[in-house]
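Worksheet: the structure to be examined is printed underneath.
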Amino acid sequence: MADVILCPHCLSRVEAGKEQCPFCDKSLRNTNPPGTLPYASLLAGRYTVGRHVSTDGEGVVYAALENNGGVRVVLKEYFPVTLSEGRDSAGAILPKEGKEVLFKTTRMDFADLHRSIMRITPTTGLAAVLDVVEANNTVYAVLEQVGGESLSHYLSEHPGGVSAAQARSMMQPVMEGVAALHKAGLVHRGISPENILLTGGAARLCGYGTLGLRTEGSELKSQLYEGYSAPEQYSAAEFEGRYTDVYGLAAVFYRLVAGQAPVSARQRLVSDSLPSAQQLEPSVPGHVSAVLEHALEMDPAQRIQNVPELMGSLMSARAAESLNQSRREWAVSGKSLLAGSLVVIAVLFALLLWSILGRDPAVTTPESASQPASSAAPEAVLVPDFTGYTYSQLQSDPQFSANYRFAITAQEYSSDHAQGVVIDQSPEAGTTTTEGQPLIELVISKGPEKVEMPNIIGFTRESAEKELAANNIKASFFMIENNGDYASDCVVRTDVEAGEFIDVNEVTVNVYIAKERVVINPPEPTPEPTPTPSPSAQPGA
């Protein structure tokens with residue numbers, strides 16, 4: 001039995017290998033570059049390969065179709081140019097001689113990355129990974145096709161930038177998505193306007209890549225973004241972490257409000273001459289400019305360390321001032337520590353001389369060394385237990401809001417706590433801190449883990465989204481062709497039956513929505529000719 005694909009033009013089912021679609025008459029001939037998967041070929045028995053979109057040091061990106069639902073997706077094939085020879089006649093990728101082990105380990109990194117993202121998407125601000133399949137001696141990541149325009153294209157049409165309030169609105173979904181990545185132990189490393197898509201008024205982050213792709217000097221041909229990649233990405237010897245994404249997010253925010261990208265970290269490593277956002281655009285609020293300066297520090301240890309702190313500081317002048325105060329206290333304590341270290345060294349040196357010279361009266365310990373300047377130690381306080389409160393209660397209670405800053409870093413399902421209740425915190429309750437108005441990172445309950453799948457067949461997309469959201473059910477929505485049998489923009493089917501109990505922490509329901517009806521009106525019947533009466537039938541004959 002011959003393989004069947006979907007025509008990339010009209011989505012009709014066609015026998016693979018045809019050069020022309022018998023339904024729409026459009027060409028199915030291979031126009032993809034040599035060495036890539038052929039256009040209109042079948043992958044893993046389920047996906048129709050479309051046109052070649054792009055190639056980077058990690059692999060090849062194609063437009064594609066999921067054959068069962070007729071859904072347009074994006075397909076990324078792991079095909080590293082530095083580790084691969086090409087393909088054999090059957091399409092399998094061949095590693096270079098001597099690179100077989102490295103090819104295999106980096107291929108596993110690629111698969112693990114996308115499987116991890118698949119487990120946490122759909123998530124606000126992140127493009128979803130729908131599937132990971134293995135074929136042709138390599139791995140393929142199947143991602144949702146996000147419509148809209150890239151932020152880089154938007155900025156090319158808005159060169160003057162936007163207000164800080166508009167930048168916060170645009171970037172908040174992306175920041176929430178990056179925080180979700182970090183909660184899962186992942187780091188994006190490629191945050192830039194090229195990898196942020198604006199669709200339906202919301203921003204989504206895509207462009208996932210492995211560590212090797214986003215680090216200069218690695219085994220892969222690197223893909224860095226000048227002005228947006230952090231300085232530690234320019235050396236394979238430097239450690240990258242959550243603060244690497246903080247740099248990327250701050251760089252994009254800087255571009256939005258200042259009207260130009262930050263000076264490249266590569267150039268700043270030679271001579272750091274980054275002007276503040278307010279210097280470039282005087283309308284940028286002072287606290288926003290200061291926060292961006294802290295988030296774009298060259299030294300990762302001096303940088304804002306996590307996304308919730310960056311978000312909170314950009315949205316609140318009070319939180320930003322608290323951040324500045326903490327940094328000033330840190331700087332003062334650092335100087336005090338240095339001074340104290342010098343005193344200790346002086347004392348040790350004097351004692352050494354004293355022991356060598358046998359307590360010579362001429363050798364005395366300096367008074368400044370034996371009596372270091374005293375300073376009042378900050379008052380230590382115990383962090384309270386915030387579990388059981390809701391986030392709104394913590395924000396509205398002056399007893400808490402005046403003394404602590406709060407940031408939601410994650411939301412998790414819990415059968416023991418109602419939706420919206422704090423189930424975990426960092427620092428933990430009982431921890432001693434001397435920080436003024438410390439930041440408390442909160443994990444919020446999303447309610448029970450298992451819920452019953454409601455019957456949403458026939459619902460409009462908007463109604464279906466509300467019904468699923470009310471039950472904490474994650475869903476991916478796909479549009480399918482409509483030959484007139486279904487109501488437009490309504491649910492045709494789901495891959496989970498109504499009444500089935502599902503683990504909402506693991507399962508994402510695929511919902512298929514009918515497109516606008518396409519009805520071909522049949523030709524009007526030709527009227528039959530009126531028979532002429534025979535002479536014998538005439539009256540009086």
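For the single chain, residues carry numbers from 1 onward in sequence order. Not measured: the values here are computed from a predicted model. Below, all heavy atoms of this structure are taken into account, side chains as well, without hydrogens, waters or symmetry copies.
- Between the CG atom in Leu155 and the CD atom in Glu194 there is a gap of 11.0 Å [rounded to 0.5 Å].
- With Thr121 contributing its side chain and Ala128 its backbone, the two residues share no donor-acceptor pair below 3.5 Å.
- Of the inter-residue distances, the one linking Phe79 atom CZ with Asn136 atom CG reads 10.0 Å to the nearest 0.5 angstrom.
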Test Thr215 against Glu240 for side chain to side chain donor-acceptor pair (under 3.5 Å), laying out the working first.
CA-CA 9 Å; Thr215 304; Glu240 300 172 22; 2.8 Å; yes

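- Counting only heavy atoms from C-beta outward, the side chains of Ile440 and Phe386 approach each other to under 4.5 Å.
- Of the possible polar contacts, one joining the Thr138 side chain to the Tyr78 backbone as a donor-acceptor pair under 3.5 Å is found.
- Note that the CD atom of Gln145 and the OG1 atom of Thr199 stand 10.5 Å from one another [nearest 0.5 Å].
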Go through it in stages, so that I can follow the logic: the residues are Ile513 and Val492, the test is side chain to side chain contact (heavy atoms under 4.5 Å, CB included), and I'd like the CA-CA distance, side-chain angles, deciding distance and then a yes or no.
CA-CA 6 Å; Ile513 307 290; Val492 174; over 6 Å; no

Set out, in order, the CA-CA distance, both residues' side-chain angles and the distance that settles side chain to side chain donor-acceptor pair (under 3.5 Å) for Ser289 and Gln278, then state yes or no.
CA-CA 6 Å; Ser289 184; Gln278 197 175 52; 5.0 Å; no

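- In this structure the side chain of Asp385 reaches within 4.5 angstrom of the side chain of Gln425, judged on heavy atoms.
- A heavy-atom distance below 4.5 Å is found between the side chains of Asp131 and Arg46.
- Summarising the geometry of Gly499 relative to Glu452, their closest heavy-atom pair is CA-OE2, 3.4 Å, with the distance given to 0.1 Å.
- Arg493 is not listed as a side-chain neighbour of Tyr486, based on a closest heavy-atom distance of 4.5 Å or more.
- Side chains of Val507 and Ile473 form no contact here, defined as non-hydrogen atoms less than 4.5 Å apart.
- Looking at heavy atoms from C-beta onward, Leu205 lies in side-chain contact with Asn195 at the 4.5 angstrom threshold.
- Rounding to the nearest 0.5 Å places OG1 of Thr409 at 8.5 Å from CG of Asn306.
- Remark: side-chain polar atoms of Asp245 are not paired, donor with acceptor, to backbone N or O of Gly241 under 3.5 angstrom.
- Side-chain atoms of Asp495 come within 3.5 Å of backbone atoms of Asn510 as a donor-acceptor pair (strictly under, hydrogens ignored).
- Residues Val257 and Ala277 approach most closely at CG2-CB, 4.3 Å, considering heavy atoms.
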Determine whether Ser264 and Gln267 satisfy the following criterion, side chain to side chain donor-acceptor pair (under 3.5 Å), listing intermediate values before the conclusion.
CA-CA 5 Å; Ser264 167; Gln267 180 178 335; over 6 Å; no

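- Checked by atom type and distance alone, the side chain of Asn455 pairs as donor or acceptor with a backbone atom of Ile457 at under 3.5 Å.
- Aromatic ring centroids of Tyr228 and Tyr247 lie 6.0 Å or more apart.
- Taking all atoms of both residues into account, the shortest heavy-atom contact from Ser192 to Tyr225 is OG-CD2, 3.5 Å.
- Side-chain atoms of Thr460 come within 3.5 Å of backbone atoms of Ser463 as a donor-acceptor pair (strictly under, hydrogens ignored).
- Using a distance-only test at 3.5 Å, with no hydrogens or angles considered, no donor-acceptor pair links the side chain of Arg405 to the main chain of Glu441.
- Pairing each heavy atom of Leu310 with each of Ala295, the nearest pair is CD1-CB, 3.9 Å.
- Ion pairing between a basic and an acidic side chain is recognised when a charged N comes within 4.0 Å of a carboxylate O; Arg72 and Glu66 show no such pairing.
- When each of Glu232, His188, Gln233, Arg189 is tested with Thr244 by the rule side chain to side chain donor-acceptor pair (under 3.5 Å), just one qualifies, namely Glu232.
- Among all heavy-atom pairs drawn from Met118 and Val132, the shortest one is SD-N, 4.3 Å.
- Remark: Arg115 engages Glu134 in a salt bridge, criterion side-chain N to carboxylate O under 4.0 Å.
- Checking Gln172 against Glu176 by side-chain atom types alone, a donor-acceptor pair falls below 3.5 Å.
- Taking each heavy atom of Ser150 and Pro193 in turn, the nearest pair found is CB-O, 4.1 Å.
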Verify side chain to side chain contact (heavy atoms under 4.5 Å, CB included) between Glu297 and Ile304, making sure each step is shown before the conclusion.
CA-CA 8 Å; Glu297 288 277 7; Ile304 293 174; over 6 Å; no

Give the intermediate values and the outcome of side chain to side chain contact (heavy atoms under 4.5 Å, CB included) for residues Met453 and Val509.
CA-CA 9 Å; Met453 176 66 189; Val509 177; 3.9 Å; yes

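- In this structure, CG in Leu181 is found 12.5 Å from CZ in Arg242, a value given to the nearest 0.5 Å.
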Going through the checks in order, is the side chain to side chain contact (heavy atoms under 4.5 Å, CB included) test met by Phe459 and Cys490?
CA-CA 5 Å; Phe459 281 35; Cys490 290; over 6 Å; no

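- Rounded to the nearest 0.5 Å, atoms OG1 (Thr124) and CG (Leu126) are 8.5 Å apart.
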If you apply the rule ring-ring contact (aromatic ring centres under 6.0 Å, His included), what do you find for Phe477 with Tyr512, and how did you get there?
CA-CA 6 Å; Phe477 291 84; Tyr512 297 92; 9.9 Å; no

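- Within the 4.5 Å cutoff, the side chain of Val307 has heavy atoms near those of the Leu249 side chain.
- Side-chain polar atoms of Glu77 and Tyr140 form a donor-acceptor pair below 3.5 angstrom.
- Residues that satisfy the ring pair (Phe, Tyr, Trp, His ring centres under 6.0 Å) test with His153, not counting sequence neighbours, are absent from this structure.
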Verify side chain to side chain donor-acceptor pair (under 3.5 Å) between Glu281 and Ser283, making sure each step is shown before the conclusion.
CA-CA 6 Å; Glu281 176 50 63; Ser283 65; 2.8 Å; yes

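- Heavy atoms from other residues, nucleotides or ligands lying under 6.0 Å from CD of Gln305 number more than 12.
- In Glu497, the CD atom is not crowded: 12 or fewer heavy atoms of neighbouring residues, nucleotides or ligands sit closer than 6.0 Å.
- For the residue pair Gln166 and Ser169, no side-chain donor N or O sits within less than 3.5 Å of a side-chain acceptor on the partner.
- Arg107 places no side-chain N or O within donor-acceptor distance of the main-chain N or O of Val139, the cut-off being under 3.5 Å.
- Side-chain N or O atoms of Tyr208 include one that pairs as donor or acceptor with a backbone N or O of Ala127 at under 3.5 Å.
- Evaluated for a ring pair (Phe, Tyr, Trp, His ring centres under 6.0 Å) with Tyr389, the options Phe400, Tyr404, Phe406 yield exactly one hit, Phe400.
- At a threshold of 4.5 Å between non-hydrogen side-chain atoms, the residues Met171 and Val252 count as touching.
- A salt bridge links Asp56 with Lys76; the closest basic N to acidic carboxylate O contact falls under 4.0 Å.
- The backbone N or O of Tyr243 lies less than 3.5 Å from a partner atom in the side chain of Arg303, making a donor-acceptor pair.
- One side chain, Glu58 or Thr210, offers a donor N or O that lies under 3.5 Å from an acceptor on the other.
- At most 12 heavy atoms of other shown residues, nucleotides or ligands fall within 6.0 angstrom of atom CD in Glu428.
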